[in-house]
Number of protein chains: 2
Amino acid sequence: MDESEFLASYDPRAFPPVAVTVDVVALTIREGALHVLLVRRGEQPHAGRWALPGGFIRPAEDLAEAAVRELAEETGLTPRVHIEQLASYGAPDRDPRMRIVSVSYLAFAPHLPDPRAGSDAADAAWHRADRLPELAFDHGRILGEGLERARAKLEYTPLATTFVGETFTISELRGVYETVWSVPLHAGNFHRKILSVPGFVESTGETTESGGARGGPRAKLYRAGDARLLHPALLRPAREEEVR
Amino acid sequence: MDESEFLASYDPRAFPPVAVTVDVVALTIREGALHVLLVRRGEQPHAGRWALPGGFIRPAEDLAEAAVRELAEETGLTPRVHIEQLASYGAPDRDPRMRIVSVSYLAFAPHLPDPRAGSDAADAAWHRADRLPELAFDHGRILGEGLERARAKLEYTPLATTFVGETFTISELRGVYETVWSVPLHAGNFHRKILSVPGFVESTGETTESGGARGGPRAKLYRAGDARLLHPALLRPAREEEVR
DNA sequence: ACAATAGTGTCTTTGAGACAATATGGA
DNA sequence: TCCATATTGTCTCAAAGACACTATTGT
């Protein structure tokens, strides 16, 4: 039997049924705090509970496409978001309906608008990452791993620039790091450090229109540079506890 | 309709059929070179071609369990291997049979034996990572990403100790780094660096029975320490090309 | 005037890496 | 003996972080 004969006789329904979903951990910063997008489930199971936006993949669609589509469908958010794969979860009992394997994605974007509820979701809203409700399925774990991934990626990629606007000040960038890492950073040292990493930011030659809300000089404006990796990296303050 | 009524009326077959497989990138070092475990496919499609060991997940089995089982079944390898999830691949046309989403795993182990062919595989063998044949499906890409992940993890985790025996010398450890990274490292600096990372290795108080094959003093023996992350990390020599 | 902030200067400490030196044991 | 290797020492440079200082702007 050659390959074409084999394929003609092949019955896909012979395998036990499995479904594949994508779930998205979408992050943004609003009002100085890290926020996660959650939807309130409108259908069983776990109806009424908060969950990550997501859903079943469609036949001719790649995984990342499905993640972008679900984000748009359930929340009305359609900006060009950075999206990257996080991990997959397939414990046999993670969904009571049937065997479901979920591929999770991480999405970042600057000052996103309030979402509108879409078809599957009764409600969609940004939640502060430090004050989260109990989530449906194993979404609490997925979200936790997404947050940790985002924190880690700030260290060695220019990810932070995707949380700010087209142009930004070094202080705004510092705000992103402080918010996501939940640590205060030294303004002077941070400033010098950012400018010393080749390709992280490039000057626009402009400055802000006015000083800060509580005074101070006008800050220079920068835009994201062409670096894809930061070298040397910006390491988080040592976390001895996490090492062993 | 409450949740139990909903589940009773739920028909899993209503969704388009998808299958989930696991594929394993198993790495070891033999004869001073990094090797990858490949199996020759015994069935259609791609019969006769080399591929990563793997296969369909079973109903009551978690993803990581499936990866370990497939590795054992197809190759006869059953040692306690480190295994960790790599990524998932779900392009609609990646398998001609049907829609298949593959979750890939990375496995490491020290001086593994020659595999024996299992049920699904006509043949199984270790291949040098720098001389690979063309692989079935998108396994070439998966393997490439697995190798890069392994190289990166050597930097900030004690992964290298899983490639050597229970006890080892600093030189053996250096050999792992040199092999996986394909770069020569300075013996003296490497030695001091390893001993300066808290919890990476701990002394056994013993030394090797005899000096090296071509002479030299007996080296002290170490075992893996309790660190889960290396701090400070062992960074690869700067790769300017990869930064932009 | 006062306070807050942007940006720069300086110093200390740590760590990476180049290079040298010493000691040991196999062939 | 000769040579490869293990281990330690020394020096230089890069970078992180603490701290101080100046300049600018809003209130």
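The basis for the numbers below is simple: all heavy atoms, side chains too, and nothing from hydrogens, waters or symmetry mates. These figures come from a predicted structure and were not determined experimentally.
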query: Reckon B/His186 has a side-chain N or O less than 4.0 Å from the OP1 or OP2 of C/dG17?
result: no
Judged by nearest nucleotide, the residue sitting upstream toward the 5' end of DNA chain D, A/Ser196 or B/Gly188, is B/Gly188
Hey, are B/Arg128 and B/Glu31 close enough for a salt bridge, meaning a charged N less than 4.0 Å from a carboxylate O?
no
If the cut-off is 4.0 Å, is A/Arg214 near the phosphate of C/dT5, judged by side-chain N/O to OP1 or OP2? yes
Closest to the 5' end of DNA chain D, once B/Thr169 and A/Gly215 are matched to their nearest nucleotides, is B/Thr169
- Under a 4.0 Å N-O cut-off, is there an ion pair linking A/Arg141 with A/Glu145? yes
Margin query: Measuring to OP1 and OP2 of C/dT24, would you say a side-chain N or O of B/Lys220 lies under 4.0 angstrom away?
Written below: no
_At 4.0 Å (heavy atoms only), tell me whether A/Arg218 reaches a base, stays on the sugar-phosphate, or touches nothing._
sugar-phosphate
A/Leu235 CG to D/dA14 P, in whole Å, measures 18 Å
Rounded to whole Å, the CD1-C1' distance (B/Ile170 to D/dA6) equals 10 Å
Q | Pair B/Glu148 + B/Arg236, salt bridge at N-O below 4.0 Å | A | yes
* To do: Using only side-chain N and O atoms of B/Arg174, determine if any of them is under 4.0 Å from OP1 or OP2 of D/dA6.
  => yes
Ranking B/Pro217 and A/Pro217 by the position along DNA chain C of their nearest nucleotide, the one closer to 5' is A/Pro217
Side chains of residues 158-165 of chain A: which donor-acceptor partners sit under 3.5 Å, not counting sequence neighbours?
unit_1   : atom_1 : unit_2   : atom_2 : d
A/Thr161 : OG1    : A/Pro158 : O      : 2.7
A/Thr162 : OG1    : A/Leu159 : O      : 2.7

Nearest-nucleotide check on DNA chain C, B/Gly216 vs B/Asn189; residue mapping nearer the 5' end is B/Asn189
